[in-house]
Amino acid sequence: MKLSIIGTGYVGLVTGTCFAEVGHEVTCVDNDEAKVKMLQAGGIPIYEPGLEELVRKHTATGRLRFTSSTADGVENSEVVFIAVPTPPLPDGSVDLSFIERVARDIAGAMTSYKIVVDKSTVPVKTGEKVAETIKRYSKTKVEFDVVSNPEFLREGFAVEDLMRPDRVVIGVSSQRPVAAMREIYEPFDAPIVVTDINSAELIKHASNSFLALKISYINALSVVCEMTGANVMEVAQGMGMDKRIGRRFLDPSLGFGGSCFPKDLSAFVKIAEQTGYDFGLLKEVQRINAAQMDRFMKKISDTLWVLKEKRIGVLGLAFKQNTDDVRMSPALEVCQRLLKEGATLRVHDPKAMEKAKALLPPSERVEYVADMNAVAEGCDALVIATEWDEFKRLDLERARREMTHPILFDGRNLYDVAEMEALGFIYKSIGR
Ligand code: UGA
């Protein structure tokens, strides 16, 4: 089918590319001319495993093209997907101005029946507003349908999640767009849930909040494990074997971050508040997440005492593995807090160093180190802040030799406690 995607951020670019991969003809639209030029030339603005190859493949097959003209995208497609940012406002609610703007642009460009699909994460009832806006600004008064089709991809696994989704959610207010939506997703071979628009929009916020809740649950449990001498990894394993619970998203950490969970939680709390419901459970999820970072920092200062003039190696800057995204990254927060306490940092990330430099500029006190195994040199302590697989294969013998003191704070539980102690490290992790 002929599809257009407005917005080439994470969701838009990966969605458009995967649609091309399964045979659709896709026009990706972005108002950032420089980005469009970069994409047209085969460049990729983000690091996402498998994406670059697919973009190259389908710019060559002609099934994927990029333009900065919304009118071009709308004219050349039967279905228009909106995938623009919905950033948080200072009070935690969602800034819907990009969505509203795109709805007006689409309205101005429509000359025949279109299905307008919202893929961005939006508060419940946004679909109704989008429909009202298109109706108001449409010059030709052509017919259209608005559909909600939330995205559940994880950064770092985006292509994999999109090509093999657990489910596809389609929210509609009439039956007319259903057949086309089914046709778009038929090649992905996933169960399709067809529901009303408000339910579809809620499924997205409810899913992300529930996953964040799962992480805060295990993080809260990690505190109880530390107090009682239990091992949170064993507890997670034992709990996760119950199919009703499941092991995934039960990895204790220094807290969740990224551009989705923190923002979506705040938005969902706000949405509930506007309906008159105080979603205290989710506020507690936020509180536990903030406390987890505080506890981790306290472990560092309890062990090292004064941080001023201490040299600390930090492994990881991205908010999680397999991405170069540093937005709301707990790893960056660790760095910033250590700097505030007067420490000097040697930092490394396999993919996120360039992006991190904007938020954590290199200086006399922040040295970016290209080789992960060289980070420990001359350090009083090492911190693992992101769960990159390569950090499980550090040259620990070398680290111990080159550090002034072999102390490792592991915010992601990548190593075994007994093995680390046998290697001569003072090893502090989460919930063990
Ligand atoms: C999340 C959801 O997982 C996706 O389903 C959703 O589509 C996406 O938000 C979105 O709304 O766009 P993402 O933010 O890319 O995806 O990353 P996650 O893999 O969910 O990780 C989020 C944070 O939780 C990271 O900081 C990660 O390190 C942390 N985490 C994750 C844990 O601390 N423990 C875990 O067990 C899992």
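When a ligand or atom number is given, it counts from 1 through the structure's own listing order.
In terms of N/O distances under 3.5 Å, ligand 1 is not approached by L211. An N or O contact shorter than 3.5 Å is missing between V11 and ligand 1 by distance. Polar contact check, N208 against ligand 1: a nitrogen or oxygen pair lies under 3.5 Å apart.
At a heavy-atom cutoff of 4.0 Å, ligand 1 is contacted by no atom of R248, backbone or side chain. Residue F261 touches ligand 1 through its side chain alone, judged by heavy-atom distances below 4.0 Å. At a heavy-atom cutoff of 4.0 Å, ligand 1 is contacted by no atom of M328, backbone or side chain. With a heavy-atom cut-off of 4.0 Å, D161 does not touch ligand 1 at all. The proximity of K214 to ligand 1, defined as any non-hydrogen pair under 4.0 Å, does not occur for either the backbone or the side chain. Under 4.0 Å from ligand 1, the heavy atoms of L153 that appear belong solely to its backbone.
Summary of contacts: the protein heavy atom closest to atom 30 (N) of ligand 1 is I215 CD1, 3.4 Å. Of the protein's non-hydrogen atoms, the one nearest atom 29 (C) of ligand 1 is F256 CB, 3.8 Å. Taking atom 33 (O) of ligand 1 as the reference point, the nearest protein heavy-atom neighbour is S253 OG, 2.6 Å. In this structure, atom 35 (C) of ligand 1 lies nearest to the protein heavy atom D251 O, 3.6 Å. Atom 28 (O) of ligand 1 has R412 NH1, 2.8 Å as its closest protein atom, hydrogens excluded (heavy atom only). Atom 37 (C) of ligand 1 has F249 CD2, 3.5 Å as its closest protein atom, hydrogens excluded (heavy atom only).
Close placement of the F81 and F19 rings is indicated, their centers lying within 6.0 Å of each other.
Under a 4.0 Å criterion applied to the non-hydrogen atoms of F152, ligand 1 contributes the atoms 4 (C), 5 (O), 6 (C), 7 (O). Heavy-atom proximity to K204, at under 4.0 Å, picks out these atoms of ligand 1: 6 (C), 7 (O), 10 (C), 11 (O), 12 (O). Listed by number with element, the atoms of ligand 1 under 4.0 Å from a non-hydrogen atom of D264 are 11 (O). Annotation for ligand 1: atoms under 4.0 Å from non-hydrogen atoms of E151 are 7 (O). Proximity to E155 (heavy-atom distance under 4.0 Å) selects the following atoms of ligand 1: 15 (O).
Aromatic ring orientation, F268 versus H205: parallel (interplanar angle below 30°, classes split at 30° and 60°). Between Y185 and F188, the ring planes are tilted. Angles from 30° to 60° get that label. Using bins of under 30°, 30° to 60° and over 60° for the plane-to-plane angle, the ring pair W388/Y47 lands in the tilted bin.
A donor and an acceptor atom, one from each side chain of N31 and S68, are nowhere located under 3.5 Å apart. Side chain to side chain, D30 and T8 meet the donor-acceptor criterion of an N or O pair below 3.5 Å. Between the side chains of D395 and N373, not a single donor N or O lies within less than 3.5 Å of an accepting N or O. Side-chain contact of S209 with D264: a donor-acceptor pair under 3.5 Å is absent, judged by distance alone.
T15 contributes a side-chain N or O that, together with a main-chain N or O of V11, makes up a donor-acceptor pair within less than 3.5 Å. A donor-acceptor contact shorter than 3.5 Å is absent between the side chain of S429 and the backbone of N413. At least one donor-acceptor pair under 3.5 Å links the side chain of R63 to the backbone N or O of A20.
Counting heavy atoms from C-beta outward, Y10 and E155 have side chains that approach closer than 4.5 Å. Between R182 and V178 the shortest side-chain heavy-atom distance falls below 4.5 Å.
Relative to atom 17 (O) of ligand 1, the option among K320, R154, R247, R327 with the closest non-hydrogen atom is K320. Comparing C260, P165, S329 by heavy-atom distance to atom 12 (O) of ligand 1, the nearest is C260.
Not a single heavy atom of Q321 sits less than 4.0 Å from an atom of ligand 1.
The two residues D91 and K270 have their closest heavy-atom pair at O-CD, 3.5 Å.
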